[in-house]
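What follows is a set of notes on a single structure, which appears directly below.
Labels below follow one simple rule: chain letters A, B, ... track the order of the sequence lines, proteins then strands, and each chain is numbered from 1.
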2 protein chains.
Amino acid sequence: MAQRATVYDVAERAGVSIATVSHTFRQPGRVRPETRELVLQAARALGYVPSGSARGLAKGRSQALGLYAFDMFLPSDLRATAESIDELVQRELKGLDDARRFPLYVDEIQRGFEVEARRAGRPVMLGSGASRDSLDSIDLAGSVDGLAIFPGDAARDLLEHVGRGVPVVIFSSPPMHDPLHHITVANEAAMRELVDHLVDHHGRRSFAFLGELAAPDIGARFRGFQLASAAHGLPVPEEPFDTTVLTEDSLRTLRDAITSGDLPEALVCATDQLALTVLDLLARHGIRVPEDIAVTGFDGILAGRLSQPTLTTVRQPFASMGRLAVRILTDTAAGLTHPKSYVLPTRLVIGSSCGCP
Amino acid sequence: MAQRATVYDVAERAGVSIATVSHTFRQPGRVRPETRELVLQAARALGYVPSGSARGLAKGRSQALGLYAFDMFLPSDLRATAESIDELVQRELKGLDDARRFPLYVDEIQRGFEVEARRAGRPVMLGSGASRDSLDSIDLAGSVDGLAIFPGDAARDLLEHVGRGVPVVIFSSPPMHDPLHHITVANEAAMRELVDHLVDHHGRRSFAFLGELAAPDIGARFRGFQLASAAHGLPVPEEPFDTTVLTEDSLRTLRDAITSGDLPEALVCATDQLALTVLDLLARHGIRVPEDIAVTGFDGILAGRLSQPTLTTVRQPFASMGRLAVRILTDTAAGLTHPKSYVLPTRLVIGSSCGCP
DNA sequence: TTGTACGCGTTATCAC
DNA sequence: GTGATAACGCGTACAA
């Protein structure tokens, strides 16, 4: 690719100064029509494409909004060894990669983010990187006017570092006193509502909460679960059921336990994805849902509406969260605003996995 | 937001030169450990985030890969008047925005693009703009090392202009002699296979092809339809059925025609989205598919597997197309390569809308 | 209306 | 190992 043409090239060819070239594109009214035409012609002839970097540097901002995801969200596709395109094509044409893998909740937020960014006339810059310490997020932050981040196991000080230089909003993160904007939902209340439903509507009285407490949102859901349990006079677990070991083996144990009757009547899962996995495992072991045991999720992703049985869950307004992030960022990009926290509402979505018809 | 810290600030605070600061981050081995620590400390204290623009300018490339979509693909959300977040949230929580709207085929390609870009360690820059002449695509092109484009009604000379400055691959576009890389599928052959199925398997012998010829891919599909018709000794239409007027009214006409028996036994739609719309309209008018009439699509999007009846269609390897684009771009970014064209295979996917059980 | 000249924040090439 | 200093391409006061 021959050297990209610059303002200098265009100016020379049009017989004007670089300032005139710049004016022609940025303040067309300021230049005489004939001159303008001259410049445009030269630009066309040279295939002139203005450098975004140079412009960004000169103006102090790039217009772009960033969206960063830590690797934890990446599909396993990523680790797969490099394959030839032919292999990829063949696999894709054969397979039925469906809604179980895409779109996941991250994708729904991302979509909302993109939609709103388009409305704002801003490009979106997508980035990702290793989970911890990685500098990728910093690099991305340096290229955008505002950055939205999916929570990961990134060190908080890294995020705060970034937040000092660029407006940052972080998803699924509870209100905190740091330089970041937070967007989350009323996890605790939502979970209480869900448990209430299982108790009041289906008379279930023994539960197990499945999930890892790594993410703050999950923690809030577990707290909601504990509170609901207490409110109904049920035993309050200290910790969630450990799902890091939710394998075939542990499932078999679960099954035996069910037979002997001393196992929970309902499995309350921290996320839809987890719930769907659980449904699969249960089905494979001949345990019927909801007859033998009830299962619930959290998130309201598409896949949960397509499963058999359909998932009873809590829907989050993901798209709106993405859109909100953009609005915060564009508002903030102007002048410094105090970091804000937003706690959005959710909605209980009744499927058949809880026992409802 | 206080002025973003720069190398100068860091250098001053650390008592070194800006060169040392730069070295500390880019060639850590080249600087004495103690000095390095000094610099890192200063950087941390100041919340230093290197400017992507400046770096891009200095190095001549941004590392980012671009993906551009003309407005024609945008969901109607976009034109909606600005709403408050509360309104958006309420609407989202109530609604069932499902697979009928997302993911569409564009999203599947995009996803493949993103996945492969992550593997390549490159950020993705998403852009969009008005259909014609718009300079948005040029702006985006100026900010990336390579650009992939969804076909629109953009003037070809605009694309060729952009293609001269940056490697560009364009989707759903047949091989051509221009400075762009092309990725498409064997539309013609696929459509023939589809028609063959309807004739050989279901004995259907009168068809109508629905679709607009605007996009080149659709044209190829229509040609395949014509060829197949001819091969089976059936009448060969000169033009597709006009779907720009596929309204309730025209549908009613269609229904009456079916009753009187002089209408096609199968509706061959140019895309899945169109086919799904047709299914809806037919259902609303009490016309049964496939009993009264067969319907087929093209693309193999998720929604086609969820419809009632499921869609018989041709699946395109969308994700692979996105991934291929990235590979082309990263390969090309290095040195100039001759533009290449790729025609990927497809696969006939049998649903129940054609009459199969 | 057009041109000159400087600044934007990095990287890289040299000397030291 | 570290430090001046010159690009990099564009926007824009300011001057002409």
Side-chain angles (χ1 to χ4, degrees), chain A residues 2-40 42-43 46-63 135 138-145 165-166, chain B residues 2-40 42-43 46-64 135 138-139 141-145 165-166:
Chain A
Q3 276 308 321
R4 263 141 92 144
T6 74
V7 266
Y8 297 99
D9 303 320
V10 177
E12 183 179 349
R13 173 154 187 146
V16 299
S17 78
I18 65 163
T20 302
V21 175
S22 185
H23 289 152
T24 300
F25 291 108
R26 306 307 157 197
Q27 317 172 36
R30 200 175 144 179
V31 59
R32 198 196 320 160
E34 314 146 36
T35 318
R36 192 196 318 162
E37 193 47 47
L38 220 56
V39 173
L40 290 178
L46 269 42
Y48 171 64
V49 174
S51 153
S53 297
R55 176 126 49 120
L57 181 55
K59 300 211 54 154
R61 51 213 161 67
S62 67
Q63 289 294 96
L135 290 185
I138 291 194
D139 283 352
L140 187 63
S143 308
V144 299
D145 294 345
V166 179
Chain B
Q3 277 307 323
R4 262 141 92 144
T6 74
V7 266
Y8 296 100
D9 303 320
V10 178
E12 183 178 348
R13 174 154 187 145
V16 300
S17 77
I18 63 165
T20 302
V21 175
S22 184
H23 289 153
T24 300
F25 290 108
R26 305 306 158 196
Q27 316 173 37
R30 200 174 144 180
V31 58
R32 198 194 321 158
E34 313 145 37
T35 317
R36 192 194 319 162
E37 194 47 47
L38 220 56
V39 173
L40 290 178
L46 268 43
Y48 170 64
V49 174
S51 154
S53 297
R55 173 125 45 123
L57 216 209
K59 302 209 54 154
R61 51 214 161 66
S62 67
Q63 289 295 95
L135 291 185
I138 291 194
D139 283 351
S143 307
V144 299
D145 294 346
V166 178

Inter-residue atom distance Arg55(A).CZ - Ser143(B).OG, 0.5 Å rounding: 7.5 Å
Sugar-phosphate only, base, or nothing, as touched by Thr20(A) at under 4.0 Å among non-hydrogen atoms: sugar-phosphate
Whole-Å gap separating P (dT2(D)) and CD (Glu37(B)): 13 Å
N or O in side chain of Thr6(A) less than 4.0 angstrom from dG9(D) OP1/OP2: no
N/O (side chain, Lys59(B)) to phosphate O (OP1/OP2, dC8(D)) under 4.0 Å: no
Non-hydrogen side-chain atoms of Ser51(A) and Thr6(A) separated by less than 4.5 Å: no
Sugar-phosphate only, base, or nothing, as touched by Val31(B) at under 4.0 Å among non-hydrogen atoms: sugar-phosphate
Separation between CD of Gln63(B) and CG of Asp139(A), rounded to the nearest 0.5 Å: 9.5 Å
Residue whose closest nucleotide on DNA chain D lies nearer the 5' end, Gly29(B) versus Ala19(B): Gly29(B)
Sugar-phosphate, base or nothing in reach of Tyr48(A), heavy atoms under 4.0 Å: sugar-phosphate
Nearest-nucleotide 5' precedence on DNA chain C, Pro50(B) against His23(B): Pro50(B)
Sugar-phosphate only, base, or nothing, as touched by Arg30(B) at under 4.0 Å among non-hydrogen atoms: base
Atom-pair distance (OH on Tyr8(B); P on dT11(C)), nearest Å: 11 Å
Any donor-acceptor N/O pair, Ser22(A) side chain to Ile18(A) backbone, under 3.5 Å: no
Spacing between Arg55(B) atom CZ and dG9(D) atom P, to the nearest angstrom: 17 Å
Sugar-phosphate only, base, or nothing, as touched by Thr35(A) at under 4.0 Å among non-hydrogen atoms: sugar-phosphate
Short side-chain N/O contact to dG9(C) OP1/OP2 from Ser51(B), under 4.0 Å: no
Length of the CZ-P vector between Arg26(B) and dT2(D), whole Å: 18 Å
Length of the CD1-P vector between Ile18(A) and dC6(C), whole Å: 12 Å
dG9(D) OP1/OP2 closer than 4.0 Å to side-chain N/O of Ser53(A): no
Value in whole Å for how far the P atom of dC10(D) lies from CG of Asp139(B): 12 Å
Any side-chain heavy-atom pair of Val166(A) and Arg4(B) under 4.5 Å: yes
Touch class at under 4.0 angstrom, heavy-atom based, for Val21(A) against every strand present: nothing
Distance test, side-chain N/O of Arg32(B) to OP1/OP2 of dG1(D), below 4.0 Å: no
Nucleotide dG9(D), atom P - distance to CG of Asp9(A) in whole Å: 9 Å
Sugar-phosphate only, base, or nothing, as touched by Gln27(A) at under 4.0 Å among non-hydrogen atoms: sugar-phosphate
More than 12 heavy atoms of other groups within 6.0 Å of Glu12(B) CD: no
Rounded distance in Å - CZ (Arg36(B)) to C1' (dT2(D)): 14 Å
